[in-house]
Amino acid sequence: MGFFNDVFEIISKYYYFLLQGVGYTMLIALTGTVAGLAIGLLSGIIRTAPLSRNGFLRALHKIINALISAYIEIFRGTPMMVQAMVIYWGFALFNGGKTLPLIPSGIIIVSINTGAYMAEIVRGGIMSIDKGQTEGALSIGMTHRQTMFSVIIPQVMRNILPSVSNEFVINIKDTSVLNVIGVTELYHFADIIKRNSAKTFQTYFVVCIIYFILTFSVTRLLRLAEKKLMGKENYVICGSQSDSKAEIHVKEEADHHDD
Amino acid sequence: MMTESIIEIRDLCKSFGDHDVLKGIDLSVRRGEVVCIIGSSGSGKSTMLRCINLLETPTSGDIIFEGNSILEKNVKLGNYRTKVGMVFQQFNLFDNMTVLKNCTVGQIKVLGKKRAEAEKTALEFLEKVGMAQYRNAMPRQLSGGQKQRVAIARTLSMSPDVILFDEPTSALDPEMVGEVLEVMKKLADAGFTMIVVTHEMQFAREVSDRVIFMDQGVIAEEGSPEEIFTSPKNPRTCEFLARVLN
Ligand SMILES: Nc1ncnc2c1ncn2[C@@H]1O[C@H](COP(=O)(O)OP(=O)(O)OP(=O)(O)O)[C@@H](O)[C@H]1O
Ligand SMILES: [Mg+2]
């Protein structure tokens, strides 16, 4: 059949382009997600921190909070494709016409964009941990920072993992808009292959399948990782009333999480 | 002096917005004394305890701990809180840590102890509250009574001078109330200074040295358990006791 021959031909002829595209797409999506998470954590922690009693620090904190809110609103309220153009060419304008190299540009754009979403995810995560644990920590003399890093953030990380995975998958797909500034990710190569082979549908069919394989396997892998992390921890009761050396192994009931 | 007070509260007021919750509380607690605070819901019992621990900032008045005001700007809050521990109605254990770790994290991070030493201390107190066997369990694997006993061990691990209890048994199923009160009785016998907000009148009667009846943000009556429970003078106290004792 002609169609499958075309598909096969595109794969065998351009596999090097396709692989390279996959490589860059994954590089940008992964780095962007991790950096975005870091941005989100930082702004989430700052925004949920109690205001200082010191007047100056208090004012500074409020200003920073306002800036973070503006950042979140702006980057969630505009398309990433437009953000890419503004950041890429904006940088060039203030840099005497010299643009940043494409791959770093792509990573920066995706990071900043993802950071805006992550900031909200992290903030929600922090607020979902009941205040009691913070008070418990304060009541034994821990500082806000110690409470955050020892008690709250570990739980937030576990809770937001599904949302973070979701952002990663979205990024795998959305890096395609970076084509607008010419970043050599998968979609960019699709364009080149299409022009070379003059088989538009067949080319995008192949690329479509590749995107799906990427997102599907990443989703599955992360789901597995989540399960591992949520781990049904069994525990051992050390010693019983009659025998201090006994070890009673207690299995926790299976969680009632669906899926 | 026999009557040396470890905590002294002077004319403590606390408002939330224009809602005056505490309207001038004066209370002085001696070292080793067990004070029970009773009173109807909304009378400001929790707010007072939380002010003592500085989880709430008093609007006015003063709180003196071992002779020094804790409201001065230069007071090391963390330091003070290790000396005045608090046990909450909702336990407030750290859900991401084992029982043992719940009891060591404060010792390590706040008191700067070595892990081995912290674990030794923690196990000692876990033993005391009968929870040493469960050292490797996570909080969500424990019953309410067990959680509260761990919370008490966590507080004890910081070697506090005073322990504040805010209705420690109110969130428990009836059959678990006893095990927690038992532990608290032991602490009282061991000479800990305790301020206990409770609805357990039997406990207040048997264990406390002094009972405080709070009503609408003030101390309406105080006295020995004998005085409060058998011959209350304030009509509001009579009313309250009639209600809770049926
Ligand atoms: N953070 C807060 N903001 C506003 N109002 C508050 C706050 N905390 C407590 N209050 C109010 O203060 C009053 C006293 O509350 P508090 O919790 O001290 O009462 P309580 O005596 O402990 O009652 P209960 O027996 O129900 O625990 C209540 O009317 C409550 O609504
Ligand atoms: Mg209360």
Side-chain angles (χ1 to χ4, degrees), chain A residues 50-55 125-126 128-159 161 229-257, chain B residues 49-50 53-57 73 76-103 105-111 123 126-127 130-142 151 154-158 160 163-164 166 171:
Chain A
L51 292 171
S52 166
R53 278 196 240 175
N54 175 313
I126 291 175
S128 75
I129 309 285
D130 73 307
K131 243 179 69 222
Q133 292 191 54
T134 304
E135 296 194 339
L138 292 179
S139 80
I140 55 171
M142 288 169 73
T143 61
H144 178 73
R145 185 175 312 177
Q146 289 169 336
T147 307
M148 270 326 238
F149 286 102
S150 307
V151 180
I152 308 296
I153 296 297
Q155 295 181 59
V156 169
M157 290 302 272
R158 231 178 63 160
N159 292 350
L161 201 66
L229 220 84
M230 296 293 173
K232 327 242 172 304
E233 284 147 275
N234 304 331
Y235 68 102
V236 180
I237 293 182
C238 311
S240 73
Q241 260 151 26
S242 49
D243 173 9
S244 65
K245 292 232 169 52
E247 288 197 345
I248 306 163
H249 293 257
V250 179
K251 274 222 173 66
E252 197 178 348
E253 297 273 315
D255 268 0
H256 297 296
H257 286 243
Chain B
L49 275 199
R50 292 166 60 81
N53 200 260
L54 289 187
L55 286 174
E56 304 286 356
T57 313
K73 279 234 160 69
K76 290 241 182 350
L77 207 54
N79 250 343
Y80 168 68
R81 285 192 177 130
T82 62
K83 292 184 196 148
V84 179
M86 180 140 174
V87 174
F88 301 85
Q89 184 175 351
Q90 298 297 338
F91 329 126
N92 294 353
L93 292 178
F94 308 134
D95 288 341
N96 59 324
M97 299 179 195
T98 61
V99 164
L100 184 61
K101 196 121 187 286
N102 259 281
C103 299
V105 63
Q107 296 186 67
I108 294 169
K109 304 249 171 207
V110 182
L111 302 178
L123 279 172
L126 283 170
E127 194 73 54
M131 287 299 294
Q133 295 166 286
Y134 292 88
R135 71 191 76 145
N136 294 323
M138 299 299 279
R140 64 190 145 86
Q141 297 163 325
L142 304 178
R154 177 177 72 180
T155 303
L156 290 173
S157 299
M158 305 300 292
I163 310 178
L164 313 171
D166 190 3

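Computed from a prediction, not measured in an experiment: that's the story for all the values here. Atoms considered below: every heavy atom in the structure, side chains included; atoms not considered: hydrogens, waters and symmetry mates. First the proteins, then the strands, lettered A, B, ... as listed; each starts at 1.
In this structure, the side chain of Asn96(B) does not engage the main chain of Val156(A) through any donor-acceptor pair within 3.5 Å. In this structure a side-chain-to-backbone donor-acceptor pair under 3.5 Å is missing from Glu135(A) to Lys131(A).
Interface remark: Phe94(B) contributes backbone and side-chain atoms alike to the contact with chain A (heavy atom separation under 4.5 Å). Only the backbone of Val84(B) comes within contact range of chain A, judged by heavy atoms closer than 4.5 Å. Heavy atoms of Met158(B) lying under 4.5 Å from chain A belong exclusively to its side chain. If you measure heavy-atom distances from Thr143(A) to chain B, you find no contacts under 4.5 Å at all. The part of Gln146(A) that comes within reach of chain B is its side chain, from C-beta onward, which places non-hydrogen atoms under 4.5 angstrom from that chain.
The side-chain heavy atoms of Asn92(B) and Met86(B), taken from C-beta on, include no pair separated by under 4.5 Å.
Residue with the most contacts toward chain A among Leu54(B), Leu93(B), Leu77(B), Asn53(B): Leu93(B) (heavy-atom pairs, distance under 4.5 Å).
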Arg81(B) and Leu55(B): CA distance, side-chain angles, deciding distance, side chain to side chain contact (heavy atoms under 4.5 Å, CB included) verdict: CA-CA 10 Å; Arg81(B) 285 192 177 130; Leu55(B) 286 174; 4.2 Å; yes
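Here Met142(A) contributes atom CE and Thr134(A) contributes atom OG1; the two are 10.0 Å apart, rounded to the nearest 0.5 Å.
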